There are 4 protein chains.
Amino acid sequence: MRQESLVKSISVRIRKRAYQVLDIPEADDGLSKLVTNALVLLICLNVIAVILESVENIGNNFGKIFFWFELSSVIIFTIEYIFRIWCCVESPDTRYKKPLIGRLKYIIKPLIIIDLLVIIPFYLSFIIGLDLRILRVIRLLRVVRLTRYSGAWSLFSAVIKAQQKPLIMTVFLLALALLIFSSLMYAIENTAQPQAFADIPSAMWWGLVTLTTVGYGDVTPLTAGGKVLGAIVTVMGIAMYALPAGIVASGFMQELNKRQFMVTWSMVAKVPLFTRLDAEKIAEIANLLEPQLVPPRFTIVRRGETADCMYFIVTGNVEVELDTQHLRLTSGDFFGEIAVIKQHPRAATVVSLTECQLLILQARDLDRLLEDNPDMAKEFKKIVQERLLESPELARNQNNA
Amino acid sequence: MRQESLVKSISVRIRKRAYQVLDIPEADDGLSKLVTNALVLLICLNVIAVILESVENIGNNFGKIFFWFELSSVIIFTIEYIFRIWCCVESPDTRYKKPLIGRLKYIIKPLIIIDLLVIIPFYLSFIIGLDLRILRVIRLLRVVRLTRYSGAWSLFSAVIKAQQKPLIMTVFLLALALLIFSSLMYAIENTAQPQAFADIPSAMWWGLVTLTTVGYGDVTPLTAGGKVLGAIVTVMGIAMYALPAGIVASGFMQELNKRQFMVTWSMVAKVPLFTRLDAEKIAEIANLLEPQLVPPRFTIVRRGETADCMYFIVTGNVEVELDTQHLRLTSGDFFGEIAVIKQHPRAATVVSLTECQLLILQARDLDRLLEDNPDMAKEFKKIVQERLLESPELARNQNNA
Amino acid sequence: MRQESLVKSISVRIRKRAYQVLDIPEADDGLSKLVTNALVLLICLNVIAVILESVENIGNNFGKIFFWFELSSVIIFTIEYIFRIWCCVESPDTRYKKPLIGRLKYIIKPLIIIDLLVIIPFYLSFIIGLDLRILRVIRLLRVVRLTRYSGAWSLFSAVIKAQQKPLIMTVFLLALALLIFSSLMYAIENTAQPQAFADIPSAMWWGLVTLTTVGYGDVTPLTAGGKVLGAIVTVMGIAMYALPAGIVASGFMQELNKRQFMVTWSMVAKVPLFTRLDAEKIAEIANLLEPQLVPPRFTIVRRGETADCMYFIVTGNVEVELDTQHLRLTSGDFFGEIAVIKQHPRAATVVSLTECQLLILQARDLDRLLEDNPDMAKEFKKIVQERLLESPELARNQNNA
Amino acid sequence: MRQESLVKSISVRIRKRAYQVLDIPEADDGLSKLVTNALVLLICLNVIAVILESVENIGNNFGKIFFWFELSSVIIFTIEYIFRIWCCVESPDTRYKKPLIGRLKYIIKPLIIIDLLVIIPFYLSFIIGLDLRILRVIRLLRVVRLTRYSGAWSLFSAVIKAQQKPLIMTVFLLALALLIFSSLMYAIENTAQPQAFADIPSAMWWGLVTLTTVGYGDVTPLTAGGKVLGAIVTVMGIAMYALPAGIVASGFMQELNKRQFMVTWSMVAKVPLFTRLDAEKIAEIANLLEPQLVPPRFTIVRRGETADCMYFIVTGNVEVELDTQHLRLTSGDFFGEIAVIKQHPRAATVVSLTECQLLILQARDLDRLLEDNPDMAKEFKKIVQERLLESPELARNQNNA
């Protein structure tokens, strides 16, 4: 009985570790880094293998090598897939916490479906003997998994989401123009070129190739009327570029503006640490601080990273993730100062709970600030001391790191 | 005599209902939604039918099905057309109020002309036996009617309108470059390629295909001089993209900036509900409020929608449309609060009469605000109570919804 | 002797009128408008004639008509050319005031050189019998003269001028990429395609057609190495679009931002008419006023236009051009109010002398303002009355208009 | 012994002069200008020679001329290369100060490596008899050296650097789309076109040519399925343009905004010269001053330039480079005023040490300011006088210039 519980406890610890290893690696987790890099390398090698295998000469001569490489890759990916599903319950995301329901929810995540999709073709061809070219191509989807490791899609997706409406309208306009001009072209050119403009779908091929300014030249209007209509379509192609380019440009501008809110005097004046300073001093500090807007669930500081700045919270809440404790900080609080002062790597990961406005103070500016303001330095050190006393883990991590 | 008036009264009520059904549907009008969706589906099916019919195999084999589908579609569209003209006098737009003049004005609206255009070809082919391919293509114009149902062209049209001048100038520059370079090319290449560059219009075909960077390759310069000139034209093609893309981008930026005016302290301070609060409190509320600029005749709130925010009017006038009453609100007033508090769908549609600057307060923020400020909450509830007393219809709708 | 002076005086008056007629027409100068429109029409007809004449069938069949049309056009343009040079001394531009030097300076203005260029070919072919195709094409340059009548190039040229440096650098980058990649392609493909990539200039033709994404397809790489290099070049083509589009977009944004300076409270408070109002009132007026930045020598108001707004000068100087008087107004002054109040067309043209920041008040807002502020209305009317007394011509124009 | 030291001293002076001559020329250094222009001309001639030599006719007929021109060019470039390395220790950049290590560091600078690369091929062909076409092409790299003389890459590189992340992501997206769609196309079209879509790399050639909208038309899909897939790819090509264009546009906007910080009242109030003025006067001056943000090591003023403005330092440090003295100025100081008052060319070069916020006052505005404020004028002149006394060299340069 006790032994069983021991087994279970070990199993949970292994699962926890497995989750950490397969997740995006913390800066001080060597094994996780190694595994991640190995997987990225394996995916890249796989993609190259699929491409090379398609070349007749290479495919025929080195067929055996390709087979064994594919076999071992699939085995590795299968193991990885099973591990991911097994340890997904360790994810901080509460949706996946329940042993069965949570895992089922995890399995239908798009990236996890792709994980499955890229290993199935091999088993299909192995078991049923089914070996279609299209199945081999599916193996290339492995490359999509690389997006898992490339962070910072947040700006991209924010822009696309904010500009969704005008972008969909542009697509609607494109479809409208395509439909009307292609069918007009069909009516005009059909008698002159019964092959190339045999029906409206054929004319739409010409229409799209022209509207997008690709212009293969495999189908072109020959009659005078067709050329006049074609001229109009080529000019409309410009609009089809100007509109999305303009929309995306303004979207990026807006998003960047939003993220770079102004650091105002009153923002700084509200930070408890600075309240006793006089107005001029606060204005000076406001110039030193850089603003940053982070979305919810954004990892602001990662354990093990080198520390070159500290943070003040203007609005929003963050959570300092220690192994045994989770500290919550809110408006007016600051964090990240210990690693800066002690010149150690970050001792804890800090994640935003809500959208937060943060002010960043660079390490070199902090030093100067504390030197110039002895009173403030005294208070600052007192708070730091209290924190280390209250959270012995923080102090320990600090010393180990 | 009395019977006649009764008939008339019923006829008017049917007409009113017909107008509501054919208009863009209110959120709680099931029949209107059904009819709209059915019409959208029918249009899409029609477009697909026209495209498929043009494919020889399909068109010949299923000719009869296409004919009967077309016949029934045209009958439905004809009925819709007659109904639209019959009930257009019910439109809130005063131009169409008069029985005869109003209907004539309505008939010459662009979208209504298209409604007619797409049904005429069928009758022409049926009655006169005239069956040109071009007439069949006209049926595709039905797709333009879909724009009636896709709202929010306002941003697009505002940008295009504001940037009209530079855009027209870009077109003028394009025409200028096209004319001069094409005729130069004609002068240079004519002797080497008497077929492809037979005259200036032929050279202009080459010019446009190159300036828009479509580049079919059906006509290309062969002489050294022609290639040098062609090189200049290809580079000018870049300018032909950079200019409109730049203009549209700056246009979108401007329009978006305009719509997202800054919420200033003084704006909030002027709202009567907040005047008694102290400066700090007002600054806090200013952070909660989102700005929105709406054009005249914009439907801000639609009856039956779920309510997640309330509105304060900074400038401009709006009208609350109840069945029997039309309330007018102006600067300093607020609306949409009842649905938020009672957690009901919107009880009335609210339309802007002039351009309005609105401040939006989210439901969750309102709750918090009222909790934190008991005095304000008391006053707020008093106003709400008075409103419900003054407008029993509002209270009734609220309870029915 | 006296007769001679009379002749001279008449000659001067004719010259003055001729200048007005040929210049961009004032809104109330019917003859000038007629002449301008006739010239624009004649230029357009000429362009069409040149294009049509190049088509063999039409050119041969209607040769005589084209000849006589060309003959009469050239005569008209010659007369216009002589008149323009004769009366250029009446231009407000002081550079052209001197009878001989001024006229010589005028002759070498780019647009005037084109005026000459487009009539010379005809005389050359007529006198020397020289009739080259290239000469006929030069006649098309007439279309450039249309730019004389299309105003508002100022925004375009301001953007291009401000972004000159990055745009030139883009061209430099394009040239650099073209040179290096084309010659590399020449080295790679020369043995495989000794015809198409015979030398570096031939390879540059391919390079430019690809970098600008025109892609005729008349020359494409065939070797594996060539295709890899070609792939790099096609991707660089994207940069060649993104850079200028981005530069132009940011240029337009900047220019538009500059022109729409913020109307601040202090700007309004400095206008003498408003100084006695209280702070709140001034804030209200600040919301009514629209800002406009005009470059030097910009015609703000044109005589004869309908008046729907008045102007306040924040910074800069303007000149009110009456027939006999030239009034100069400066910061704090206002103008254009008389036409608004009397609901007459503008009685005088107003031109900026320096760059001016103007505030525009719409007619309907002025009415409301004067109603709400009786004291201000009194002062306002007093100033208007004084102006009409001081400048009887203004009063007269007002009544005649 | 003494003679040796004399030789050394002369050698150092020559080296110093050589450095000045080869560096970007100061405005008043005639020899440096001459050498620079000669080198630019020689590079351009070399590029033209390489291009012309590749044309068979020209290359064969004028082979000897090309050889001798190449020989002399290489000799000049070799001398220049040796001189550059010899005198690099005179560079203000401290990294290159040490005789041996400094020179080695200098040799591996990218532009210096290119300097070597472009002369090596000649010696190779001369000594070993190796004469590959690719080596001749390398000579074209000389054109890259022109970037040394075209300043102001700072804006370009700042934009690219700031937008690095989204740009790399766009490239990643392009690669992803290319890989997946190309291999899909290979699977679909391979049986219909076994030649054109023989393997995935071949399909990727089609994919890239289509995604970048180049569209040669040498390879196009023929099957219905291939055309549908091709249609999707052409539309994705639009996104491949819209994204980078949008990113670059917003990047330029941001960078330009950053450089044009607002001139605030408090900035001006902090300048010691203005502190005694009243608030209204300071607001007036704030309108006259233009803001400029300069990066570190930026040459703000160059000796010998004509002077039309003076500078105030808001933040940062600059160094005034006199022949014998190096003055350091900081926040609140001003410079460039002497040349403006005396209407002489700049007497010294001023370089920023850190990023500096500067305020620019135009010469004409300075005159007016001093006239209007006699007190300020007195103080201003006192400071100028003190400076000239303290730095006799400045006074001397001023008089010589």
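Note that the structure is predicted; figures quoted are calculated from it, not measured. Residue numbers begin at 1 in each chain, while the letters A, B, ... track the order of the sequences.
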Atom pair [atom1]/[atom2] of [X] and [Y] - distance to nearest 0.5 Å:
{"X": "B:Phe181", "Y": "C:Leu140", "atom1": "CZ", "atom2": "CG", "value": "12.5 Å"}
{"X": "B:Ser182", "Y": "C:Ile51", "atom1": "OG", "atom2": "CD1", "value": "8.5 Å"}
{"X": "B:Asp218", "Y": "C:Asp218", "atom1": "CG", "atom2": "CG", "value": "11.0 Å"}
{"X": "B:Ile200", "Y": "C:Glu53", "atom1": "CD1", "atom2": "CD", "value": "9.0 Å"}

Taking C-beta and beyond as the side chain, do C:Ser54 and B:Pro201 meet within less than 4.5 Å on heavy atoms? yes
Is C:Tyr216 close to B:Val219 at the side-chain level, that is, under 4.5 Å between some pair of heavy atoms? no
For a quick test of reading the model, state the closest non-hydrogen atom pair linking C:Ala249 to B:Ser250 and the distance between them. O-CB, 4.0 Å
Check: residues 221-238 of chain B side-chain donor-acceptor pairs under 3.5 Å, at least two apart:
unit_1	atom_1	unit_2	atom_2	d
B:Thr223	OG1	B:Glu189	OE2	2.4
B:Thr223	OG1	B:Gly226	N	3.0
B:Thr234	OG1	B:Ala231	O	2.6

Between B:Leu243, B:Leu211, B:Thr212, the one whose heavy-atom pairs under 4.5 Å with chain C are most numerous: B:Leu243
For B:Glu379, does the CD atom sit with more than 12 other heavy atoms under 6.0 Å from it, leaving out its own atoms? yes
Check the surroundings of atom NZ in B:Lys161: do more than 12 heavy atoms from other residues, nucleotides or ligands lie under 6.0 Å from it? no
Measure distances from [X] to the heavy atoms of chain B and classify the residue's part below 4.5 Å as side chain, backbone, both or neither.
{"X": "C:Val47", "value": "side chain"}
{"X": "C:Ile247", "value": "neither"}
{"X": "C:Leu52", "value": "neither"}

By ring pair (Phe, Tyr, Trp, His ring centres under 6.0 Å) - contacts of B:Phe334 (at least two apart): B:Phe312, B:Phe380
